[in-house]
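If you read the sequence from its start, that first residue is 1, and numbering goes on from there.
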Amino acid sequence: MMMRIWKWYQNCLALHPLKTQIISSGILWGVGDITAQYITHSTAKRRRRVLGGNDKFKIDWKRVAITSTFGFGFVGPVGHFWYEGLDRFIRLRLQLRPKSFRFVGAKVAADGIIFGPIDLLVFFTYMGFSAGKNVDQVKEDVKRDFLPALVLEGAVWPAVQFINFRYVPVRYQLLYVNLFCLLDSAFLSWLEQQKDAAWKQWFTSFLSLKEEKSEGR
């Protein structure tokens, strides 16, 4: 059964690479959001923060649709062209030998410095506006969530992408990334649902403290 699904996916990827990545990204980000909702609900239940007698887990399908749309509209198409273009640029323009340490290191660095921050910025901005917030509220959300996400993801994604760029054939690198995006979407959705959690306030206060020191010089 799994082999038939894998062959079907390979065929779709070969015939319609962009369309396949868009659809798979939307589905995976939707599943990731459901996972994040469940984690948030379970955490609240354990800490007795769920009010009322009915604390049964219920999926917020509106939120799932919003998050899936981010996968369909941004991660799928942008990710497709980013990874294909990144590979061509480093191979042809920088003329680095594929799979070499410099080749892999350049791709990891470019992905972490360029695509990673843009992906986070677009995600938190999109989620804020989708929730009906105004520009000022979205700015506050981004200020609150961007740095914690960047730091925590920065500790994981370089290793993930090193394996990707070093060992996974280019044809399947997008699939590899999409599978990890299932976990990534769950993490980002969970992070966004944490609102003003104490650990996030620590990041914000630390950033504000650094800005104050810089202004005082």
Side-chain angles (χ1 to χ4, degrees), residues 18 21-45 47 49-51 57-83 111-158 160-161 174 177-208:
L18 178 58
Q21 291 302 322
I22 290 174
I23 294 173
S24 60
S25 294
I27 293 173
L28 288 172
W29 277 78
V31 173
D33 186 73
I34 293 174
T35 304
Q37 289 185 36
Y38 179 78
I39 293 172
T40 302
H41 171 82
S42 299
T43 302
K45 186 176 179 180
R47 296 179 180 178
R49 289 180 180 174
V50 179
L51 302 178
F57 173 62
K58 294 181 180 179
I59 298 174
D60 182 350
W61 289 109
K62 180 181 178 180
R63 182 182 172 85
V64 173
I66 290 173
T67 308
S68 292
T69 300
F70 178 74
F72 285 124
F74 181 80
V75 176
V78 175
H80 171 81
F81 289 112
W82 166 254
Y83 289 109
D111 190 72
I113 295 172
I114 300 173
F115 186 75
I118 292 175
D119 179 55
L120 292 177
L121 183 62
V122 173
F123 175 78
F124 291 123
T125 301
Y126 165 76
M127 293 300 290
F129 283 125
S130 297
K133 298 179 180 180
N134 58 39
V135 175
D136 291 334
Q137 289 173 320
V138 171
K139 285 182 179 179
E140 286 300 313
D141 285 352
V142 171
K143 184 178 179 181
R144 178 194 67 198
D145 296 333
F146 179 79
L147 184 61
L150 187 64
V151 171
L152 294 175
E153 289 208 337
V156 176
W157 270 103
V160 172
Q161 292 293 47
L174 290 173
V177 169
N178 257 339
L179 291 174
F180 274 95
C181 277
L182 173 62
L183 301 176
D184 190 46
S185 60
F187 166 70
L188 290 178
S189 296
W190 172 81
L191 183 73
E192 198 272 338
Q193 291 180 61
Q194 291 300 294
K195 306 301 180 185
D196 293 310
W199 66 274
K200 289 168 70 174
Q201 293 180 17
W202 180 87
F203 276 99
T204 304
S205 61
F206 178 75
L207 181 62
S208 300

Rounded to the nearest 0.5 Å, the OG1 atom of T67 sits from the NZ atom of K62 at a distance of 12.0 Å

For S25 and G76, the nearest pair of non-hydrogen atoms, with its separation, is OG-CA, 3.4 Å

Note: F124 and V142 closest approach over all heavy atoms is CB-CG2, 4.1 Å

Checking F146, F129, F70, F74 against F123 for ring pair (Phe, Tyr, Trp, His ring centres under 6.0 Å), the one that qualifies is F70

The reported gap from CD1 in I66 to CH2 in W61 (rounded to nearest 0.5 angstrom) is 14.0 Å

| message | What I want to check is whether the side chains of D33 and Q37 have a donor and an acceptor closer together than 3.5 Å. | response | yes

The reported gap from CD1 in I59 to CD1 in I34 (rounded to nearest 0.5 angstrom) is 4.5 Å

Residues G112 and P117: closest non-hydrogen pair is O-CD, 3.1 Å

Residues 114-131 vs side chain to side chain donor-acceptor pair (under 3.5 Å), sequence neighbours excluded, gives none

Separation between OG1 (T69) and CE (M127), nearest 0.5 Å, reads 10.0 Å

Between W82 and D111, the two heavy atoms sitting closest are NE1-OD1, 2.9 Å

Are the side chains of L18 and Q21 in contact, using a 4.5 Å heavy-atom criterion? no

Heavy-atom nearest pair, G30 first then S68, reads CA-OG, 3.1 Å

Requested in this report: Report yes if the side chains of Q161 and F180 come closer than 4.5 Å at any heavy-atom pair, otherwise no.
Outcome: no

So CZ of F72 and OG of S24: to nearest 0.5 Å the spacing works out to 9.0 Å

Value for CG (L121) from CG (D145), rounded to nearest 0.5 Å, stands at 11.5 Å

